[in-house]
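Chain identifiers are assigned alphabetically (A, B, ...) following the order of the sequence lines, protein sequences preceding nucleic acid strands; residue numbering begins at 1 within each chain.
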Amino acid sequence: MSTSQLDKTYSPHDVENRWYQRWIDAGMFHASPTDPGQPYSIVIPPPNVTGSLHVGHALNNTLQDILIRWRRMQGRNTLWMPGMDHAGIATQNVVERQLQAEGTSREALGRDAFLKRVWQWKEKSGGTIISQLKRLGASCDWERERFTMDEGLSEAVREVFVRLHEDGLLYRGERLINWCPRCLTALSDIEVEHEEITGKLYTIRYPLADDPSQYLLIATTRPETLLGDSAVAVHPEDERYRHLIGKRVQLPLTTRTIPIVGDSILVDREFGTGAVKITPAHDFNDFEAGERQGLPRIKIMDIHANLHVEGALADPNVIQAVEGLPVAKARPRIEQLLTDQGLLEKSEPHKMALGKCYRCKTVVEPLLSDQWFVKIKPLAEPAIQAVEDGRVRIIPEAWKNNYLGWMRDIKDWCVSRQIWWGHQIPAWYCETCYGSPFLRRLSDGAPLIPSDASVIVAKTKPAACAKGHSDALVQDPDVLDTWFSSALWPFSTLGWPRQTPELKTFYPTSTLVTGLDILFFWVARMIMMGLKFMGEVPFRDVYIHALVRDAEGQKMSKSKGNVIDPLHVMEQYGTDALRFTMAAMASPGRDVKLAEERIEGYRNFTNKIWNAARFLLMHLDGERVEVPPAQRSFPDRWILSRLNATIHTVTQELEQYRFDRASSALYQFIWHEYCDKYIEMIKPALKDNASESAKATRHTLAETFETMMRLLHPFMPFITEEIWQTLPHEGASIVRQPYPVMQPDWDSKEAEQEFSLLEECRGLMNQERAILGYPAGKRLHFRVHGKTDQAYATFKKHKELIDHMENVNDLWVGSTTQISMPHLLTLTRGLVELATSMEDADLEKVKENVLKQIALLEKEATRTNQKLGNPEFVAKAPPDVLTEHRDRLERESRMTQLLQQALGQIGLYILERKRTQPS
RNA sequence: GGGCGGAUAGCUCAAUUGGGAGAGCGCUGCCCUUACAAGGCAGAGGUCACAGGUUCGAUCCCUGUUCCGCCUACCA
C-alpha cells in the first residue's frame, strides 16, 4: 500500500466492516478441541434475546475480547463461546404486547400457537444484539453460538431437573412466594427489587371479644390485609399482654373472632405496641408464625392482587366497598371504614421497603401457591467451599465476602414460573390416580394441579404412571426460571450431557467476566450446578467489573435520558475508541462513569496512531538494515528499551485483570514516548534517505511499530490490523500473530539513563525560558555542563539531538561547573547545570522571578534542614531516605546559590544598562 | 437495622505495601514547524473530606464524625 492511500484522518467505519468480515471468512475465531496449545475458554454471559447492546454489554464484552484476543495471540487454544438466553418473562412480555396491539392475546391463541409465534419473533427480531457484538469486534466462535432453548440445552435442563429430583433436591409444595401480579408468575427472592418508600403505619384497635370496651392496639402498614388475619400475637413474656393469651379479639370489619397467641419469634416487644396481627396467607413472617401456631391461611387476594374477601367473613358493607379492587384502591377505603367505626387509633408516616418485580417494576405480593423449589443448602455447601479454598477466584477479592455471605444465608430457590415461554417442567400428574380430572383455569385452560396429586418426573413424557394408567397424564403447565438454564451454561453449551471433546477440552472454563448485578442470579448458581453435575467448578477466575453510569454517576436509564448508546458511539468515534475507553475506565471495584468527552479523547488517540503510521510509510521506502540492538543509534536503543518495558507492563497488568493500567501504559508509551519523542528524535537520521543511519533507523522503526501494533491489538483490533497490513510483516492477519514478549537484548539501561539526563536538561531549559520570560519558540543559545564526566560525555554526544529537539541554537557543552560569566543566568538540576544569556530579557521581571524562586527554595531547604537536624529522623529513617534528603538539600542549596549569584549580576546588569541606554 | 466501598487538581481517576502526590479530559498562552489542529510546545491549578491517635515522619495505618454510593434485611 502506498502512502497516498492513508488519509490524513482515520475513518474507522470501512476498516471495521472489512476486517471483521475477513476474520470471519478466514475462520480466525473458530476453536477446535484438537488444536494445539493450552486451552483458554470463556463463556459469554448470555445476553437476553430481547436485548440490544447497551454500554454495560460494551464494557463486559470488550474486556472479554481483550482477554480472548490476548490469549489467542499467546498461542493458547482459545474458545469464546457465544449465545443468548431466552429471557422467559421479558420475551413473553414482548410478544404479548405485539398480540395486544393486534387485538388478540396469548390466551386466545392457545399455548402451542403462542409458542410458535414467539419462535417466529425470535427468528425475525430476536438477537439483534449478536450483530451488535460483532460490530464491537467480539471474536467469539460464532459457529458455536448457542441459545438456552436449543434442543441440546433443553435436554441438559431436563436431565438436571430429573437428577435433582432423584437426589431429593427438588420438591413441589404450597408456599408463600413472591408474585408479580402483572407478569402473573412467581419470582425468586432475588428477582424482587427493594425500594425504600415512605408509607403509613396505621394503628388499629382490635376489641377483646369478651369485653369490647377493652382493645389491643395493632400496628400495620397494610391495613387491608387485616381481613385475612387469623390471630394476633404478643410476646409470651410480655407483662402487659401475658394474661390475654388464649382470649380472642373481634377482628375489625368482619364477623370473625381470632385468638391471641404468644409467639416469641414473631413479636418484638420493643416495636410499636408489642402486639402484631398474623396474616399467614399474605406475609412471609406471618406464614411461618401460622405454621408454628397451626393457624388457618385465609386468602383475600387473587393473582391480579385484587381483593376477594367473601371467604374472610367480612362485613357485607366491607365486601361491597373493596371486593375486586386492587390493593392501592382498597387501602383508603379500609382506612375510611376503620375511621368510621372509631377503630383507627392513628396513622403516621413510616419508612419501609417495597418489593417490586425486577422486570416490570410492579409491586409484588406474597402469594400462596404451589411451586417447584430447589433445595439449595446441599448445593450451596460445596459452592462455598470452592470459593473459600480458591478453586474459584473472585476478582476483585472484595466481592468474595459478598458471595460467601449470600451463599451461607441462601434460601430455597423457587424455579417454577407461570408463563409459557421457557422449558416446560418435565413433570406429569395422573388424573386417573387423583380420582377426578384436574380443574382448568378459565382464562387459558391451564390445568390447576392439586397439591396432593402424585408426580412423575421424567425426561420425556412417560407412557404410563406407576399404576399403569396411560390415558390421563397431564404435564405441569409451568416453565422453569430462565436462570435455571443459564446456570448450566458453562457445560450445556459444550455439549453436556453428552461427553463431547469440547467438554473435555474447554471445561472448566478459564475466566468468567461479568457485572456484580448477576453475581447471585447467575455466578453463584453456575458454581453450584457445575460442581453438582460436572464435579468440577465451571471457571477458575471470576472477574467482576463495575457498572457503567453516566458522567454524573447516575444509573443510565431510558427514562432519565442519560443513556449513551454504544452503537452511536461506534458510529461517531469508531469501535476501537469505544473499546479503549472501556478498558481504560475499568478500574476494579468502582463504577465506571462514562462521559462522551473521554471517548472523544481516545478517538484522538486512534488518529494519533494513524498519523504515526502515515509518517512511517512516508519514510519506510528504501533499504532497511538490521543492526544488533546494542549497536543501534541512541533513539533506537532507547525506544527498544521502552517498548520492552511496555510489553512487560501490559502483559503483567493483563495477567491481573488490570485493563485500566494496561491501557494507560499503552497510551503513555505510544503517544508520549513513541510519537512525541522517538519519532521526533529520528527525523534527522531519516533525512538522507540513502544514509547508513537511515537504513538502520528504518529497520527499528518498522520493527518497533509492528510490535507495537501486536501489543495493542487486543484493545484496538481494527486499526491495528489495518496498519499492520501495510507494514513489513509475515502472516495473513494480526489476529493470530504472537503476542509480543520481552527481548532481553532490547533492554538498555544506559540509553534510558541518557534519556533521563536529556529530559532533565530540557526541564532546565524550560525553567530558564520561564524565568527570563522568553517565549517557547525563541531560539536560544545555551551552555550546558555535565557535573560528571559521564554526563559531560552524554551532552557532548547528543549535542545535535538536543539542538534538534529543543530548538536550540548550537548548544555549547562544557565539562566544568564554572559558568559564572556575566549576563548569564545559570540553573541546576541533577547532574546538569545550564546557562543562557539574559540579554533580551526584561531584567526587572527576571529579578522578580528569581526572588520568587529563591523564596520558594529557601522554604524547601529549611524544611529539609529541619528534618535532617532531627536526631530521631537521622537515627530511624532508612539509609536511602536519608541519602535522598541529603541530596535534596544539596540541590536546593546549590540552586539557591546560583540564583543569588544571578541576582547580584542582574543588579549590576541593570545599572550597566541604565548607563548605556539612558531613558 | 446490618455489611461493604468511596471522598485526592474544575471533571474522571491513579499512586504495589508510611519518606514532598501523578495522568487523561477541561482550562490558559504561543504556534497551521511537511505524520497528526482529532495536532505541537509551554503553563496554571491540590490544607489528599473533617477531628483526634500511632510514628522521627501519615494522602496511606487506627478511632470517631460528616457526606455519597452499593449490597442486604421480616421490625409489624
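In this entry the base of B/G20 is syn relative to its sugar, with a glycosidic angle within 90° of 0.
You'll find that the side chain of A/Lys8 is closest to B/A37, out of B/A37, B/A38, B/G19. Comparing atom distances between the A/Arg598 side chain and each of B/A76, B/U12, B/A15 picks out B/U12 as nearest. For A/Arg661, counting side-chain heavy atoms from C-beta on, the closest listed nucleotide (B/C71, B/A76, B/U16) is B/U16.
Between B/A9 and B/C48, the distance separating the two P atoms is 10 Å to the nearest Å. To the nearest whole angstrom, the two C1' atoms, one in B/C56 and one in B/U12, are 37 Å apart.
Centroid-to-centroid, the aromatic rings of A/Tyr602 and A/Tyr573 stay 6.0 Å apart or farther. Between A/Phe521 and A/Tyr358, the ring centre distance stays below 6.0 Å. The aromatic ring centroids of A/His545 and A/Phe659 lie 6.0 Å or more from each other.
Close to B/A76, at under 4.0 Å from its OP1 or OP2, lies a side-chain N or O of A/His350. Checking the phosphate oxygens (OP1, OP2) of B/G20, no side-chain nitrogen or oxygen of A/Lys859 falls inside 4.0 Å. Contact annotation: A/Lys351 does not reach the phosphate of B/G1 (side-chain N/O to OP1 or OP2, under 4.0 Å). Look at A/Asn402 and you won't find any side-chain N or O under 4.0 angstrom from OP1 or OP2 of B/G3. Dashed line: the shortest gap from a side-chain N or O of A/Lys683 to OP1 or OP2 of B/A35 is under 4.0 Å. Of the side-chain N and O atoms in A/Trp399, none sit less than 4.0 angstrom from OP1 or OP2 of B/U72.
Nucleic acid contact for A/Asp268: base, since at least one base atom lies under 4.0 Å from a heavy atom of the residue. Residue contacts for A/Tyr667: at a heavy-atom cut-off of 4.0 Å it reaches the sugar-phosphate backbone alone, with no base atom in range. Note on A/His672: only backbone sugar-phosphate atoms sit closer than 4.0 angstrom, heavy atoms only; bases stay farther off.
Nearest-nucleotide positions on RNA chain B for A/Ala770 and A/Val874 put A/Ala770 closer to the 5' end. Between A/Trp671 and A/Leu201, the residue anchored closer to the 5' end of RNA chain B is A/Trp671, taking for each the nucleotide with the nearest heavy atom.
Taking atom CG of A/Asn807 as the reference point, atom P of B/G40 lies 17 Å away to the nearest angstrom.
If you check B/A15 for Watson-Crick or wobble pairing at under 3.5 angstrom, you find it has no partner at all.
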